[in-house]
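Written out below as structure tokens is the structure these notes cover.
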Protein chains: 2
Amino acid sequence: MNLADVARRAGVSSATASRALSDHPHVAAATRERVWQAARDLEYVASPDATGLARGTTGRVAVVVPHLARWWFGAALEGLSGALRAAGLDLLLYRLGDPAARQAFFDELPARRRADAVVLLGFGVDERERERLDRIGVGIVAAGTRVGSHPSVSIDEYAAGRQAMDHLLHLGHRRIGMIVAADPDLDLAQPAGRSAAYRAALADAGIDPDPDLTATVTWSPECGARAMSGLLGLARPPTAVYAHSDEIALGALRTLRRAGYRVPGDVSVIGIDDHPLAAITDLSTVAQPAAEQGELAARTVLAGLAGEPVDPIVTVPTRLVIRGTSGRPPGPGAS
Amino acid sequence: MNLADVARRAGVSSATASRALSDHPHVAAATRERVWQAARDLEYVASPDATGLARGTTGRVAVVVPHLARWWFGAALEGLSGALRAAGLDLLLYRLGDPAARQAFFDELPARRRADAVVLLGFGVDERERERLDRIGVGIVAAGTRVGSHPSVSIDEYAAGRQAMDHLLHLGHRRIGMIVAADPDLDLAQPAGRSAAYRAALADAGIDPDPDLTATVTWSPECGARAMSGLLGLARPPTAVYAHSDEIALGALRTLRRAGYRVPGDVSVIGIDDHPLAAITDLSTVAQPAAEQGELAARTVLAGLAGEPVDPIVTVPTRLVIRGTSGRPPGPGAS
DNA sequence: GTGAAAGCGCTAACAG
DNA sequence: CTGTTAGCGCTTTCAC
């Protein structure tokens with residue numbers, strides 16, 4: 001059931017069969033049909049390996065991710081995979097969880113001969129890794145992070161942070177806490193942008209930032225819960241909390257409710273992401289389109305492969321979603 | 001930077017270079033070292049396509065999933081990818097979201113020449129699809145579902161359901177609602193097992209099932225919320241609800257809280273999964289190890305590839321996790 | 001122990 | 001329009 005069989009059955013040479021099957025121009029319509037029929041009869045499926053060898057391409061794109069179980073990654077991967085599949089490209093998944101896997105990946109660069117392009121999904125790289133990446137020889141595009149000067153698609157972290165902070169400020173909050181999500185796997189620019197937004201928003205409102213109001217934790221609801229406890233233990237706790245992610249915000253919410261605080265009566269909470277559970281938890285947040293980022297990354301890859309010019313930096317918009325966890329600060333006596 | 005270059009640099013034939021690099025027996029130690037050194041110098045990476053062509057294998061396994069953004073799938077994929085990576089196998093991801101993609105996949109069977117095995121992750125197939133699958137010519141293993149007589153790894157759906165139901169029953173509940181999660185992509189056996197557990201547990205407790213207490217919805221928190229509203233609208237609402245998944249349970253919880261019911265004071269809720277957010281939501285549930293299922297599926301694939309005998313059916317244990325959403329039913333006057 | 005040569009399945013000139 | 005002829009990069013008998 002390989003090309004030779006098909007060719008034999010159709011009574012042509014394998015060269016002609018190849019041309020017919022790949023819709024080359026100079027093939028007689030009748031011949032083409034005969035070949036296709038033979039292929040169908042034999043349930044022929046071309047071997048991409050052989051095709052790739054001969055053609056010098058692989059028909060695959062490698063996708064590198066640090067996590068899979070977190071919402072953003074799954075959603076982005078969905079967008080990515082859909083667009084690649086539509087283009088007939090296979091998706092090779094490299095999940096680099098621990099440092100060892102990571103190290104091995106960048107040392108051996110297995111993607112080099114296995115894919116026509118690689119996309120880094122929410123995968124921040126350090127100096128050494130970026131340097132290794134340059135030797136990979138195929139196009140690279142980043143999604144959710146920036147990687148050197150490679151094309152990338154992501155949200156505007158700073159703007160997203162401002163949407164959240166400005167919302168809180170407009171509501172009248174003056175004492176706002178921030179829970180920073182520091183994920184070693186993500187681009188450092190991400191928390192940086194979100195934190196910068198916090199400081200800038202405060203400054204614009206003429207508020208002196210209180211360092212005690214900032215807590216830095218790793219990315220998990222449990223850590224968010226803990227950070228919130230810390231904030232609550234302050235002499236003057238915040239009346240609102242801006243979390244770098246919904247998962248963290250959800251953790252904070254739990255602490256608040258357990259401690260008997262009313263949300264948003266006593267303290268408001270806002271996150272970033274619009275995680276699917278944010279809707280049913282009634283969490284105010286700044287929505288970012290994850291699947292769309294994946295899809296745009298795929299388009300960028302496709303354009304690059306086709307030799308078309310590509311946008312070096314595409315930014316997707318975020319949107320403030322006001323739900324039930326953000327409200328006016330408790331007045332000093334007012335309703 | 002291909003084998004020929006390495007061979008030249010090491011001063012041997014490419015045949016010898018090949019043997020040395022693939023750790024074949026009859027190669028002089030000195031030669032082997034020389035070849036490896038040359039390979040390192042040149043940063044040589046073998047082309048798996050060429051290797052595969054020559055050897056008749058691909059070094060890849062195809063993984064088919066219906067979703068990616070849902071917790072179980074991401075977690076299972078993590079386990080799977082880790083184990084495959086450790087074995088040096090690449091992972092080809094096929095996300096078959098819509099019916100069209102699905103149809104195309106089973107018609108064309110692209111995985112046929114592209115992978116040495118395929119694993120269906122939480123991917124239930126119908127009769128026709130299963131028949132097509134048999135023509136694929138490579139080993140198939142299922143995880144989270146059963147697929148024909150192919151090897152599979154999953155939990156015992158019925159047992160998991162019993163753990164949840166028996167817990168509620170022991171607590172003293174007699175009027176228990178069930179929210180069935182019907183996911184067209186999943187094996188039908190899944191909701192079937194969980195539903196059977198409901199009926200059997202009730203029967204064992206001598207309770208007549210009330211058909212009104214069963215709601216069937218598709219898999220999403222919103223649907224869970226809606227189903228709960230329905231249950232609450234009953235003349236005699238349940239004192240406890242057994243949801244087929246945590247995501248649904250979380251939706252139900254929201255409805256309950258919004259409607260002013262105390263949980264578990266007025267009504268108890270239990271789910272299945274132990275979703276990461278279940279912990280911070282304080283949701284009682286039956287935990288199932290998702291990553292482990294993926295990992296065991298990978299082991300099964302590996303064993304099959306190695307020609308070793310494989311367990312046709314491996315079942316991983318589930319565990320009742322009692323948290324804050326399940327408690328005694330409201331007594332008719334007691335505390 | 002090592003080299004020469006023949007392919008794996010397909011594509012791409014180059015002739016006809 | 002179609003067949004012939006070379007490879008793509010690697011592995012593998014089969015000799016030496």
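Basis for what follows: all heavy atoms, side chains included, without hydrogens, waters or symmetry-related copies. These numbers come from a predicted model, not from an experiment. Every chain is numbered from 1 and lettered A, B, ... according to where its sequence line falls, protein lines coming before strand lines.
In this structure the side chain of A/R60 reaches within 4.5 angstrom of the side chain of B/D49, judged on heavy atoms. You'll find the side chain of B/H150 reaches within 4.5 Å of the side chain of B/D134, heavy atoms only. Inter-residue side-chain proximity for B/L68 and B/L93 is flagged as met; some heavy-atom pair is nearer than 4.5 Å. B/L80 is not listed as a side-chain neighbour of B/V61, based on a closest heavy-atom distance of 4.5 Å or more.
Not one side-chain nitrogen or oxygen of B/S13 sits closer than 4.0 Å to the OP1 or OP2 atom of C/dA4.
The side chain to side chain donor-acceptor pair (under 3.5 Å) search around B/E108 returns none, not counting sequence neighbours. With sequence neighbours left out, A/F105 forms a ring-ring contact (aromatic ring centres under 6.0 Å, His included) with A/Y94. Partners of A/D156 by salt bridge (charged side-chain N to carboxylate O under 4.0 Å, His left out), not counting sequence neighbours: none found.
Screening residues 50-69 of chain B for ring-ring contact (aromatic ring centres under 6.0 Å, His included) gives B/H67-B/F73 as the qualifying pairs, with residues at least two apart or on separate chains. The stretch residues 75-86 of chain A participates, sequence neighbours left out, in these side-chain hydrogen bond (donor to acceptor under 3.5 Å, both in side chains) pairs: A/R85-A/D90.
Taking a heavy-atom distance under 4.0 Å as the criterion, the stretch of DNA chain D touched by chain B extends 5' to 3' from D/dG9 to D/dT13.
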Show me the protein contacts with nucleotides 13-16 of chain C, counting only N or O atoms at under 3.5 Å.
residue	atom	partner	partner atom	Å
C/dA13	N6	A/R19	NH1	3.4

Produce the list of close N/O pairs, under 3.5 Å, pairing protein atoms with atoms of nucleotides 6-8 of chain C; give distances to one decimal.
residue	atom	partner	partner atom	Å
C/dC8	O2	B/A54	N	3.1

Could you pull out every donor-acceptor pair under 3.5 Å between side chains of residues 298-312 of chain B and any protein atom, sequence neighbours left out?
residue	atom	partner	partner atom	Å
B/R299	NH2	B/E295	OE2	2.7
B/T300	OG1	B/L296	O	2.8

Quiz: residues 18-30 of chain B side-chain donor-acceptor pairs under 3.5 angstrom, not counting sequence neighbours:
residue	atom	partner	partner atom	Å
B/S22	OG	B/S18	O	2.5

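Using a 4.0 Å heavy-atom cutoff across all strands shown, A/T31 reaches sugar-phosphate atoms only and no base atom.
Taken over five-pair windows at either terminus, the axes of the helix from C/dG1-D/dC16 to C/dG16-D/dC1 are inclined to one another by 40° (rounded to 10 degrees).
Residues from residues 85-94 of chain B placing a heavy atom under 4.0 Å of any atom in DNA chain C do not occur.
Between B/Q37 and B/R34, the side chains place no donor N or O within less than 3.5 Å of an acceptor N or O (distance only, hydrogens not considered).
A salt bridge links B/E43 with A/R132: the distance from a Lys NZ or Arg NE/NH1/NH2 to an Asp or Glu carboxylate oxygen falls below 4.0 Å. Of the charged side-chain nitrogens involved, none lies within less than 4.0 Å of a carboxylate oxygen, so that A/R128 and A/E131 do not count as a salt-bridged pair.
Heavy atoms from other residues, nucleotides or ligands lying under 6.0 Å from CZ of A/R135 number 12 at most.
With the nearest nucleotide of DNA chain D identified for both A/S14 and B/T16, A/S14 has the one nearer the 5' end.
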